[in-house]
Protein chains: 2
Amino acid sequence: MTGQEDVAALLLSRFSLLTKLSQDDRNAIARLSFDIQSVPAHHHLVREGAPISRCCILLEGYACRHKLNAQGHRQIVSFHVRGDLLDLQHLPFETADHNIQTITKSDVAWVPSSQLQRLLIDRPAIAHALWQDALIEASIFREWVLNVGRRNALTRIAHMLCEFAVRAQALGLGTTDTFEFPMTQSDIADATGLTSVHVNRTLRRLRDSGAFEQDRHVARIRDWTQLKSIAGFDPGYLHGLGIAA
Amino acid sequence: MTGQEDVAALLLSRFSLLTKLSQDDRNAIARLSFDIQSVPAHHHLVREGAPISRCCILLEGYACRHKLNAQGHRQIVSFHVRGDLLDLQHLPFETADHNIQTITKSDVAWVPSSQLQRLLIDRPAIAHALWQDALIEASIFREWVLNVGRRNALTRIAHMLCEFAVRAQALGLGTTDTFEFPMTQSDIADATGLTSVHVNRTLRRLRDSGAFEQDRHVARIRDWTQLKSIAGFDPGYLHGLGIAA
DNA sequence: CGACAACTTGACGGGCGTCAACCGGAGTGG
DNA sequence: CCACTCCGGTTGACGCCCGTCAAGTTGTCG
């Protein structure tokens, strides 16, 4: 199990990617109070319409944001990994506008929203990191609109894989060649606006082309140049995830 | 033509929707220096990849954000109207990740990014308004991912119209029944991930159903209940645009 | 080893894209 | 004031990408 100091350390390492923190900033983060919790796979961390009083940090595992249309069909709007702040997007609001759900068994930490709000006012460097984090995510949302709106199935899935690979590497979760990827084909379908049947067909085409393969929950990019070319992938919109790319 | 005070007044009225401002806040906004400019329709205000040094405010007219895929096909990710701050999404970044383009002949004001960054640090109430503005827009991006990913053409277009109608009314640009709507069918296509041909067919279905009609650049919602029902529209994700809805 | 989730594959159909042609209105220049 | 041009809207024919339905296989966990 994780302790309070481990959560603070994880936050510090994440913020350090985005900005330069003073000792006062570090102390302020160390003073945050976390409520740590283990949750199973497919557990709802936040539900659309629920009031926002605390902010969730993903300590371990994989999660996603999603929305449902009137018929209950799911659209995933982002994937999340260890270290991601899952509620920044909701921070100034009264109620949640989307669902946040784990994909795998996960550990999370909860912080009262009020404590984060205070950091926004008192600690400009931290505020700057939080702005960057939230706006990089907004940039990813825009890229996903393009992805589902103006790319075909092959390109769409390839693009999603490229993005995840780059993010996983930048956050120290693997290399661009090999990384953990626990999403089911049904998850990929909901993220790309396709059906799981068509995702299956399309993944096979990618496998046959020699660009990408999967062994259970481990993804392997066999030909990065080719996959990038299929996807038309340009990582500029990730803004280096705050890191000098 | 518009003067410096008019721009400040427009910003004040916008921020007042989102937060409560003190006299010091108002003074700080009045001290911003604006560079005012008239631009023609289809003019690029910001180009993807360009460095960010100033922030654009739309004083009059209509604009959109968009991205291009590898084949040069356009995806519009948001529409903008009078009073919108067009570069909040880019504020902490070095370079633009998308294009911003006028739809109609427009007036804009430019503010140095550094002056806005300063407000973020010095004026918490204004910072809060800017956070809300940026995150409401992020929420709209998420809804658009759902829109293009998990809705059919009829629902998709109806949803886009509902959203625009609600925003136009909230910002005082018309009623929910009648509002200016200068987007071409090609613009609508690029916003919904369809082709202009199919948009045409689908708009006719909407017209035939009696829910919506257009006379040149004026949109008229003839049956709001029906249009909302076709769209499966729930305005929660707009967070009242900061207004008590 | 039974149950269930996830993956796989095939047949078929439809929603939307593509191509092409024509129309109407607004702006422009002679 | 009229002819020309061009952009945007409109409609039809045709085809493909992807959805739907259905069945079977594999993998995993209790």
Side-chain angles (χ1 to χ4, degrees), chain A residues 40-43 62 64 69 71-76 101-105 147-160 180-208 212-219 230, chain B residues 40-43 62 64 69 71-76 101-105 147-160 180-208 212-219 230:
Chain A
H42 309 118
H43 175 83
Y62 295 82
C64 69
N69 73 3
Q71 288 78 46
H73 295 145
R74 186 171 77 145
Q75 177 68 47
I76 293 178
Q101 193 177 12
T102 59
I103 289 171
T104 62
K105 186 170 167 316
N147 205 36
V148 293
R150 284 286 183 248
R151 291 192 182 113
N152 62 29
L154 187 69
T155 309
R156 214 183 284 187
I157 292 176
H159 196 280
M160 195 221 68
E180 195 184 358
F181 191 77
M183 291 74 178
T184 66
Q185 292 183 357
S186 188
D187 292 329
I188 299 175
D190 288 345
T192 51
L194 300 165
T195 58
S196 59
V197 173
H198 202 64
V199 166
N200 185 287
R201 290 192 275 248
T202 308
L203 280 177
R204 189 152 70 86
R205 285 179 60 196
L206 275 180
R207 195 162 55 240
D208 291 348
F212 175 83
E213 66 182 15
Q214 248 180 309
D215 177 27
R216 304 190 310 169
H217 286 179
V218 176
I230 292 172
Chain B
H42 309 117
H43 175 82
Y62 295 82
C64 68
N69 73 2
Q71 287 79 47
H73 294 147
R74 186 170 77 145
Q75 176 68 48
I76 293 177
Q101 195 176 12
T102 58
I103 288 171
T104 62
K105 187 171 166 319
N147 206 34
V148 294
R150 286 284 184 247
R151 292 193 182 112
N152 63 26
L154 186 68
T155 309
R156 214 183 283 188
I157 292 176
H159 196 280
M160 195 221 67
E180 197 184 355
F181 192 76
M183 291 73 176
T184 65
Q185 292 184 355
S186 187
D187 292 330
I188 300 175
D190 288 345
T192 51
L194 300 165
T195 59
S196 58
V197 172
H198 202 65
V199 166
N200 184 288
R201 290 192 275 247
T202 309
L203 280 177
R204 189 153 70 86
R205 284 179 61 197
L206 276 180
R207 195 163 54 239
D208 291 349
F212 175 83
E213 67 182 14
Q214 247 180 312
D215 177 27
R216 304 192 310 171
H217 286 179
V218 175
I230 292 172

Take atom CG of B:D215 and atom P of C:dG24, then tell me their distance rounded to the nearest Å.
16 Å

For A:M160 and A:M183, what are the C-alpha separation, side-chain angles and deciding distance, and is it a side-chain contact (heavy atoms from CB on, under 4.5 Å)?
CA-CA 12 Å; A:M160 195 221 68; A:M183 291 74 178; over 6 Å; no

After noting the C-alpha distance and the side-chain angles of A:F181 and A:I188, does the key distance pass the side-chain contact (heavy atoms from CB on, under 4.5 Å) rule?
CA-CA 11 Å; A:F181 191 77; A:I188 299 175; 3.8 Å; yes

side-chain contact (heavy atoms from CB on, under 4.5 Å) assessment of A:N69 paired with B:T155
CA-CA 10 Å; A:N69 73 3; B:T155 309; over 6 Å; no

Which heavy atom of A:S196 sits nearest to which heavy atom of A:A189, and what is that distance?
N-CB, 3.5 Å

Test side-chain contact (heavy atoms from CB on, under 4.5 Å) on B:N147 and A:Q75; report intermediate values, then the result.
CA-CA 9 Å; B:N147 206 34; A:Q75 177 68 47; over 6 Å; no

For B:H73 and C:dG17, give me the distance from atom NE2 to atom P, rounded to whole Å.
11 Å

Can you check the B:N152 CG to D:dT20 P distance for me, whole Å?
11 Å

Using a cut-off of under 3.5 Å, enumerate the N/O to N/O pairs linking the protein to nucleotides 10-13 of chain D.
| from | atom 1 | to | atom 2 | distance (Å) |
| --- | --- | --- | --- | --- |
| D:dT10 | OP2 | B:Q185 | NE2 | 2.7 |
| D:dT10 | OP2 | B:N200 | ND2 | 3.1 |
| D:dT10 | O5' | B:N200 | ND2 | 3.4 |
| D:dT11 | OP2 | B:R204 | NE | 2.9 |
| D:dA13 | N6 | B:R201 | NH1 | 3.4 |

Once you round it to whole Å, what is the distance between P of C:dA5 and CG of A:D187?
14 Å

I need the CG-C1' distance between B:N69 and C:dG17, as an integer number of Å.
14 Å

Under 4.0 Å between any heavy atoms, over every strand shown, what does A:T184 touch: base, sugar-phosphate, or nothing? Just pick one.
sugar-phosphate

Starting at atom NE2 of B:H217, determine the distance to atom C1' of C:dA26, rounded to an integer number of angstrom.
11 Å

Whole-Å gap separating P (D:dG9) and CD1 (B:I157)
12 Å

Answer with yes or no whether the side chains of B:H159 and B:R156 bring together a donor and an acceptor at under 3.5 Å.
no

May I have the distance from A:H42 (atom NE2) to D:dT28 (atom C1'), rounded to whole angstrom?
14 Å

Presence of B:R216 side-chain N/O under 4.0 Å of D:dG8 phosphate oxygens OP1/OP2:
no

